[in-house]
Amino acid sequence: MNPAPAAAPSCLVTGKPLEKIFSFGRMPIANGFLAPEQFADEYFFELAIGFNPESRMLQLTERVDERKMFHENYAFFSSTSAYMQRHFAEFAAKVSEAYLGESADPFVVEIGSNDGIMLQNFAARGVRHLGIEPSANVAAKAREKGIRTVSEFFDEKLAERIVAEHGQADAFLGANVMCHIPYIHSVFEGVKKLLKPKGVFAFEDPYLGDIVQKTSYDQIYDEHVFYFSAASIGFVAAAHGLELVAVEPQSVHGGSMRYVLSHRGARPVDASVRRQEDIERFLGLDRPETYVKFGRAVERSRDALMALLDDCRKKGRRVAGYGATSKSTTVTNFCGITPQHVEFISDTTPIKQGKFSPGAHIPVRPYEDFVKNRPDYALLFAWNHAAEIMAKEREFVAAGGRFILYVPQVGIEP
Ligand code: SAH
Ligand code: TMP
């Protein structure tokens, strides 16, 4: 057992006390796939959310040390999804067109560059670039592709070193990483120092509005310290002389938001910012009650999913998980899904195969095993990649296979 955290939780943005709104109970490391000999000393913490109305930030009340999550055995390789490769090619093209044209020698820096899925597009165009990726194994993959990468955690200090060595950046990019970093003020201060006067900071993360509207509670896990909105990003930016100048909803990862920031006053503020802030007030994202209601919806979703899985079990139907996602760790552990409900989880990532899922200890097997030994139902843990997966699994469906989904509602498809 791990020792209980000493301090009462406080808001990472304002430093004020943070009240726990909903608890998922004890959770393991979401990407901590493990071998049986590691079961006995598996690490657990309390996964719970709290909301600070002043900064509008929904966040975890307890956090896991980043070195326990991001290291030389990090299990998430961005390039496993062909769809995401296309997404980042488009993201890079958009940045090049909109923001790099004015610069004689553009320089692009990316935080959380992983295996180079985004920067490979700049490298291919001969654009000066630098990836920042603390997980050494995925950073090594990027370097193999010829992408310049430093394997460190980004913060204000590292930003100063980058400026000293390479000069300031035209664009600072990030995807699915800003929401991981609890020392958000240090990161924003670093960005402030790193950006040229007209430089842009463009990043995207799962969007709070989608999480609340779709009850996609599985976005909540150790790595996701924050659940951002236009209002909360605007609040943090203002504290560092930065400004939110545009937002753009994205369909990836179950509903994300791209935020574009610049130095205050350096660029015109697009109408999308005000529009999104209005939508957020309409959704009640500025009120704690919204998250109390969300908690109740999460419990109803859990009960419906377990009723379905228990029914499958009683009828002797075989269920396999599809995609050993980090999100699935919250679902299996919160709902109480066991290897009796889900025989195995199919995943294409070699580092996860042959291991067991965190907490629930469901075996993870290669995709070939799913094809050879098709179950009656595939519990779609990788629901955010549903379009890509459904297109690939026509044969499974033609042979009578069905998908179990739980976002936005529990149900069977097709
Ligand atoms: N951008 C990729 C990877 C997202 S996973 C994508 O969207 O697919 C998050 C990545 O951020 C991990 O590879 C992790 O090692 C990295 N990361 C975590 N904390 C970081 C920090 N402080 N600075 C830079 N990278 C960080
Ligand atoms: P993500 O939801 O965090 O992007 O993780 C997706 C996981 O699902 C990753 O481990 C790879 C796996 N996966 C498959 O096994 N098959 C697929 O077709 C896709 C798209 C993902």
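None of these values were measured; they are calculated from a predicted model. One-based numbering, in listed order, for ligands and for the atoms of each.
Using a 4.0 Å cut-off to heavy atoms of His385, the atoms of ligand 2 that qualify are 1 (P), 2 (O), 4 (O), 6 (C), 20 (C). Listed by number with element, the atoms of ligand 2 under 4.0 Å from a non-hydrogen atom of Gly323 are 8 (O). Atoms of ligand 2 lying under 4.0 Å from any heavy atom of Lys352, numbered from 1 in the order shown and given with element: 9 (C), 10 (O). For ligand 2, the atoms closer than 4.0 angstrom to any heavy atom of His253 are 4 (O). When each atom of ligand 2 is checked for a heavy atom of Ile389 under 4.0 Å away, the hits are 18 (O). Annotation for ligand 1: atoms under 4.0 Å from non-hydrogen atoms of Ser78 are 2 (C), 3 (C), 6 (C), 8 (O). Shown in contact with Ile132 at under 4.0 Å from a heavy atom are these atoms of ligand 1, numbered in order with element: 24 (C), 25 (N). Ligand 2 places these atoms under 4.0 Å from at least one heavy atom of Lys392: 16 (N), 17 (C), 18 (O). The contact set between ligand 1 and Ile111, taken as ligand atoms under 4.0 Å from a residue heavy atom, comprises 23 (N), 24 (C). Listed by number with element, the atoms of ligand 1 under 4.0 Å from a non-hydrogen atom of Phe76 are 5 (S), 8 (O).
When only modelled atom types and interatomic distance are considered, Tyr207 and Glu280 share a side-chain donor-acceptor pair under 3.5 Å. With 3.5 Å as the limit, one finds no donor-acceptor pair spanning the side chains of His224 and Gln59. No side-chain N or O of Asp155 forms a donor-acceptor pair with one of Ser186 less than 3.5 Å apart. For Asp310 and His341, the side-chain atoms include at least one donor-acceptor pair closer than 3.5 Å. Inspection of the Ser135 and Glu72 side chains reveals no N or O donor paired with an N or O acceptor under 3.5 Å. Side chains of Ser326 and Tyr221: a donor on one and an acceptor on the other come within 3.5 Å.
Using bins of under 30°, 30° to 60° and over 60° for the plane-to-plane angle, the ring pair His185/His240 lands in the tilted bin. Between Phe154 and Phe172, the two ring planes are tilted [angle within 30° to 60°]. Between Phe39 and His361, the ring planes lie parallel to each other; the angle is under 30°, not in the 30° to 60° tilted range.
Residue-to-ligand polar distances place Ala175 within reach of ligand 1: an N/O pair is separated by less than 3.5 Å. Between Thr348 and ligand 2, a contact under 3.5 Å exists for at least one N or O pair. Residue Glu152 has no nitrogen or oxygen atom sitting less than 3.5 Å from a nitrogen or oxygen atom of ligand 1, judged on distance alone. For ligand 2, the polar-atom distance check against Lys327 finds a nitrogen or oxygen pair separated by under 3.5 Å. Between Val177 and ligand 1, not a single N/O pair is under 3.5 Å apart. Considering backbone and side-chain N/O atoms, Pro134 never comes within less than 3.5 Å of an N/O atom of ligand 1. The N/O atoms of His180, backbone and side chain alike, include none that comes under 3.5 Å of an N/O atom in ligand 1. Taking distance alone, with nitrogen or oxygen atoms compared against 3.5 Å, Thr349 approaches ligand 2 more closely than that limit. For Tyr74, no nitrogen or oxygen atom sits less than 3.5 Å from a nitrogen or oxygen atom of ligand 1, counting backbone and side chain alike.
Look at Arg402 and Glu413 and you find no salt bridge, because none of the NZ, NE, NH1 or NH2 atoms lies under 4.0 Å from a carboxylate O. The existence of a salt bridge linking Arg318 and Asp376 is excluded, since no basic side-chain nitrogen approaches an acidic carboxylate oxygen closer than 4.0 Å.
Compare Asp347, Asn31, Ile345 by their heavy atoms: the one nearest to atom 11 (C) of ligand 2 is in Asp347.
Taking CD1 from Ile351 and CZ from Phe33, the interatomic distance works out to 10.0 Å, rounded to the nearest 0.5 Å.
Glu133 OE1, 2.7 Å is the protein heavy atom nearest to atom 13 (O) of ligand 1. With hydrogens left out, the protein atom closest to atom 23 (N) of ligand 1 is Phe154 N, 2.9 Å, a heavy atom. Among protein heavy atoms, the minimum distance from atom 3 (O) of ligand 2 is reached at Phe76 CE1, 3.5 Å. For atom 22 (N) of ligand 1, the nearest non-hydrogen atom of the protein is Tyr183 OH, 3.2 Å. Counting only heavy atoms of the protein, atom 5 (O) of ligand 2 lies nearest to Thr325 CG2, 3.6 Å.
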Next item on the list: Just do the side chain to side chain donor-acceptor pair (under 3.5 Å) check on Glu243 and Ser262 with the steps written out, would you?
Entry: CA-CA 6 Å; Glu243 190 170 33; Ser262 69; 5.1 Å; no
Note to self: Applying salt bridge (charged side-chain N to carboxylate O under 4.0 Å, His left out) to Glu248 and Lys94, what does each step give before you reach the verdict?
What the structure shows: CA-CA 12 Å; Glu248 198 188 327; Lys94 234 177 180 168; 2.7 Å; yes
Check: side chain to side chain contact (heavy atoms under 4.5 Å, CB included) between Lys293 and Thr290: does it pass, once the steps are laid out?
Finding: CA-CA 5 Å; Lys293 264 205 251 164; Thr290 302; 5.8 Å; no
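Only the side chain of Phe70 comes within 4.0 Å of ligand 1, counting heavy atoms alone; its backbone N, CA, C and O stay farther away. Of the heavy atoms in Phe77, none comes closer than 4.0 Å to ligand 1. Both the backbone and the side chain of Asn176 come within contact range of ligand 1, each with a heavy atom under 4.0 Å.
Cation-pi geometry between Lys327 and Phe381 is not satisfied (NZ or CZ under 6.0 Å from the ring centre, within 45° of the ring normal).
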